[in-house]
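One structure below.
Lettering of chains follows the sequences in order, A, B, ..., and the numbering in each one begins at 1.
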Amino acid sequence: MISITFPDGAVREYEKGSSSLDIAKSISEGLARKVLAAEVDGQVWDANRPITNDASLKLLTWNENGGKSTFWHSSAHLMAEAVESLFPGVKFWVGPPVENGFYYDMDLGDRKISEEDLLALEKKMKELSKENNSYTRKEVPKAEAVQYFIDKNDEYKLDLLEGLNDGEITFYTQGNFTDLCRGPHIPHTGLIKAIKLTNIAGAYWKGDDKNKMLTRIYGITFPAQKELDEYLQMLEEAKKRDHRKLGKELSIYTMDEDVGQGLIMWLPNGTVIIEELEKLAKETETEAGYKRVVTPHIAKESMYLTSGHLPYYADSMYPPMEMEGEKYYLRAMNCPHHHKIFAAEPKSYRDLPYRIAEYGTVYRYEQSGELFGLMRVRCLHMNDAHIYCTKDQFNAEFRAVNEMYLKYFKIFGIDKYVMRLSLHTPEKLGIKYVNEPELWIETEEMVRNVLKESGIPYVEVEDEAAFYGPKIDVQIWSVIGREFTLATNQVDFSQGRSFKLQYNTQDNKTETPIIIHRAPLGTHERFIGFLLEHYAGKLPVWLSPVQVKILPISDKFLEYAETILRNLKKADIRAEVDDRQEKIGKKIRDTELMKIPYMLIVGEKEMNEQKVSVRRQGKGDIGTKAVAEFIAETVLEINERREE
RNA sequence: GCCGUUGUAGCUCAGUGGUAGAGCACUUCCUUGGUAAGGAAGAGGUCGUGAGUUCAAUUCUCAUCAACGGCUCCA
């Protein structure tokens, strides 16, 4: 007998060799039907794998992460089985579960796969699912495994085997399909009831663009059709929040083939948002002791050689223009220009910290396949600033920058984000990172300390730093589920030296300042893209391009509407009158769809009482107010930058 | 940049080897209406661009540009 400890602490005795599934059955048949896998002593196991020793046990169903990922992993095998039966001779690479579903990478040889093939594959998968084949695990000696794949002429699995040792190699078989796989898997294919293959994509073998491109098929499965339907419904809802769709519907921005890929033109509505964001940034930065500067969008090659950018980043800069024997680059970053401003006049320790800010326009030649609405563009406007300070001042300065981030997040109600402390990799010193091993370790520790002291939650990642120092990236997710760096905050111990930036210390020696690069609001492009999705287009009043729409019941009341419009404009409220000859219902509908926060409905009753009927977007009629009262309240809402 | 899909009116989308349609938007007229679509008429497209096949191409083929889904990349 073995004793099994359950998550609630209960301990029960079972026969040696019982599987998690057997144990689940002893509790209830209903539970046993839902069990997908089990955590045995903290490791995820097949539910039908015999347990031979005393162990702790947690049964995993669909709602536990381990359960879901096992389910999708097994679904990938089911898909592979279907692919193999429809396309014999296919060779498989890997097929892991991902956040929403799974994929499998494969080499189809000369064959191409089409959308229709996906439907055929889905159908086949459903047939195979109905066979209720169990996933069976088998430990295989390495030599035997190698021979198996030599016989199959499968160089991909042989490559995988190279990294594995004898004794840790397992095969899984369901139906007619056997795969080299660590597992675990769900008990049988019949659990996979709802299947949707979502798309076909190319993917480089081992994620390296020098390697061959394999075919990747993505799919998602669920234990019940209802859940698949809900998932598809959710995708539809997410599409409505897509900033590209909202950007068009709300006339925020446009692009044009003649202008170029990834080059945004902001329409009047989008420009209002930009100006409000800049106003916020300028207020905040002025209060925090920043001074503003303005610098050109281009510079000579020599500056980017000095800064050290060219060897690292020439590929993502627009190619240089030649003028009178000089090469000029469109800038991809603002820092070198700012360093030149620091260097323009001699600095003393009394001038530090020296903080300069600019909404800097930069151009980056992003690969064409990477461009994505407002989120990834080739001309961007950064909420940039550089702080030059002494080592002693660094902690306080870096901390203040982080506090500014948090202040902004509060204004915009951003609570889902991750601060990512990006570190260097020692092996890449001198290749991807400046070769200053001690300085790297020292500055990384300085940054880590600030994060710890501020109590900001963060994760550490290796090999993500800038070439000149560690950084903190703020990661957010678009409604489509793509991850983006919204803002960045970097330490630079390198460029100060390369630009020979100096200040005189108290005892009249020269020192090089530490530089902090920071952009809490990221770029206009990405930040507005994010805000559109974040608010589903329903921007807070202070950001709304049109804040108030006045809707006369009929054109008898146009004159009264115009009077109100003048008063609103005097109070700096962005307002318009709907003077079309339409019924009030139509005017309301159109204004609602344009997501304008306030509608003022004026007819005979309102005119006689010198009032307005107020309607809030998405909320409906909120009653009648005197014009002055509405203006006072709205001005307050705008000035406080309230979200609702 | 790579793999795949797509490209018809301002928007959303039908359609065809014999030079094109709907709804919404737009213009004009009627209507002057009380909290999410009043009615009628009209205008608008060399079917992304270039070449090829054909008596004839928006439709078939190729190239190219762009968008979309991924991969790679992301200062």
(Q) At 4.0 Å (heavy atoms only), tell me whether A/Ala201 reaches a base, stays on the sugar-phosphate, or touches nothing. (A) base

Q.
Regarding A/Glu464, tell me which of base, sugar-phosphate or nothing describes its non-hydrogen contacts under 4.0 Å with the strands shown.
A. nothing

Q: Can you check whether any acceptor in the base of B/rC74 is under 3.5 Å from a donor in the side chain of A/Arg364, or vice versa?
A: no

(Q) Any N or O donor-acceptor pair under 3.5 Å from the base of B/rC26 to the side chain of A/Arg580? (A) no

I want to verify a distance call: between [options], whose nearest atom is closest to the [X] side chain?
{"X": "A/Lys556", "options": "B/rG33, B/rA37, B/rG1", "result": "B/rG33"}
{"X": "A/Tyr218", "options": "B/rG70, B/rC24, B/rG33", "result": "B/rG70"}
{"X": "A/Gln261", "options": "B/rA36, B/rC2, B/rA66", "result": "B/rA66"}
{"X": "A/Arg244", "options": "B/rG34, B/rG69, B/rA66", "result": "B/rG69"}

Q. A/Ile516 pairs by side chain to side chain contact (heavy atoms under 4.5 Å, CB included) with which of A/Val447, A/Asp492, A/Ile387?
A. A/Ile387

Q) Taking 4.0 angstrom as the limit, do A/Glu236 and A/Lys239 come out as a salt bridge? A) yes

Q. Do the ring planes of A/His339 and A/His386 sit parallel (below 30°), tilted (30 to 60°) or perpendicular (above 60°)?
A. perpendicular

Q | Lys NZ or Arg CZ of A/Arg378 over A/Tyr365 ring: under 6.0 Å, within 45° | A | yes

